[in-house]
Amino acid sequence: VRIDENKIISEIKQVKPAAILLSCPDGYLPQVQQLASKIEKEYNVRTIISADPTYGCCDIMDDDASRLGTDLAFHIGHNSAIKRIGKRTVLIDIYEDVDFTKVIKESLSSLKKYNRLGICTISQYLHQLGKTKKTLEEAGFKICIGEGQERLLDGQIMGCRFGPAFNIRDKIDALVFLGQSRFHAIGVALSTGRPTIMLDPYLTIAEDVTPLAEKWLKRSILQLYNARDAERFGVIIGLREGQNLFKRAMQIRSKLLEYGKVVQPITLREITDERLVIFKNIDAFIQTACPRISIDGETFSKPILSIPQIEALFNIWDGKEPEVFLEKPLWL
Ligand code: SF4
């Protein structure tokens, strides 16, 4: 794993902070710990590491940094087209230099039924796209990599943003996702509606995640129908900094009121069934924090719908078909 340390050092040299806050996904904490002690020693800067889970580039700690009196916050590990968020947060790239050559070879027999392939991946493997494209082209495939948009770089997807993969879906027969993350690969399959093959370079396995995606879609549809007759709704506003879609939550509240529903807005940082079972007089929840909380099907005792799901439920209440509600570039 390579952390873009140069970027951190150049920011430190420029801002000359007395203290900095570092946050990253759990897997990178050991490296970040080493980096923090190096920064303390070599640049005489006090470092604080956030040990809270960091799920995505939505999960910034700009307010925390301000409360702690740190001048800079480095959010490490979620490369994005946006390099700064909030007043003091700088996004720092991480690169995994694992070799995909073997798993590409392994995948050729299962990919041969497709002619045109799209390639996409998550931030830490973005630098592998060019090489993978070349290898697959040499094997006879026509390859397409979607252009970046908003926060996303060329070929990049996140757990709720799939623009570069979604936008090329009419030009391809299947998508190849680089990395060891069913979470992301299934997201690609659901968003694009195209067969998706995950190339896992660690286990050297090419896995077609399409059947799993179909299972998840069925579960999401079932949730909708379980919420269809609910009368009392809790609308959850996520309080994680980048997940706070307050306006969107209030729009949903207004719309539910128009349908004659009883609505209670609720705030939560960590959305778990344990917190929600306390609300005995609520039949179903809508959460605007992270769509994957609903779609990934951690078992909640009551229906808990994401934004695309509540939009589909509005359609059902209007007597329309729910449509292919996850086939979109953005699930927020
Ligand atoms: S909202 Fe959820 S899926 Fe989207 S980036 Fe944040 S953690 Fe990932």
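Whatever order the structure lists them in is the order used to number ligands and atoms, beginning at 1.
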Asks: Quick one: does M158 get within less than 4.0 Å of ligand 1, heavy atoms only?
Replies: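 For ligand 1, residue contact (heavy atoms, under 4.0 Å) with M158 is absent.
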Asks: By number and element, which atoms of ligand 1 are closer than 4.0 Å to a non-hydrogen atom of R292?
Replies: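 Answer, ordered by atom number: 3 (S).
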Asks: Indicate whether the side chain of Q149 and that of N167 have a donor and an acceptor atom separated by less than 3.5 Å.
Replies: yes
Asks: Considering only heavy atoms of C160, which atoms of ligand 1 have at least one such atom less than 4.0 Å away?
Replies: 1 (S), 3 (S), 4 (Fe), 5 (S)
Asks: Checking side-chain polar atoms at under 3.5 Å, does Y125 have a donor or acceptor matched by the opposite partner on N79?
Replies: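 Side chains of Y125 and N79: no pair found under 3.5 Å.
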Asks: With no hydrogens and no angle check, do the side chains of D93 and Y95 hold a donor and an acceptor under 3.5 Å apart?
Replies: yes
Asks: Do me a favour and list the nearest non-hydrogen protein atom to atom 2 (Fe) of ligand 1 with residue, atom name and distance?
Replies: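 For this ligand atom, the closest protein heavy atom is C290 SG, 2.3 Å.
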Asks: Ignoring hydrogens and angles, state whether a donor on the side chain of D59 or T54 is under 3.5 Å from an acceptor on the partner side chain.
Replies: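 There is no such pair between these side chains.
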Asks: How close does the nearest protein non-hydrogen atom get to atom 6 (Fe) of ligand 1, and which residue and atom is it?
Replies: C58 SG, 2.2 Å
Asks: Is the NZ or CZ atom of K261 positioned over W317's six-membered ring, under 6.0 angstrom from the centre and within 45° of the axis?
Replies: yes
Asks: Find all atoms of ligand 1 within a distance of less than 4.0 Å from any non-hydrogen atom belonging to G159, and give their numbers and elements.
Replies: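 The atoms of ligand 1 under 4.0 Å from a heavy atom of G159 are 3 (S).
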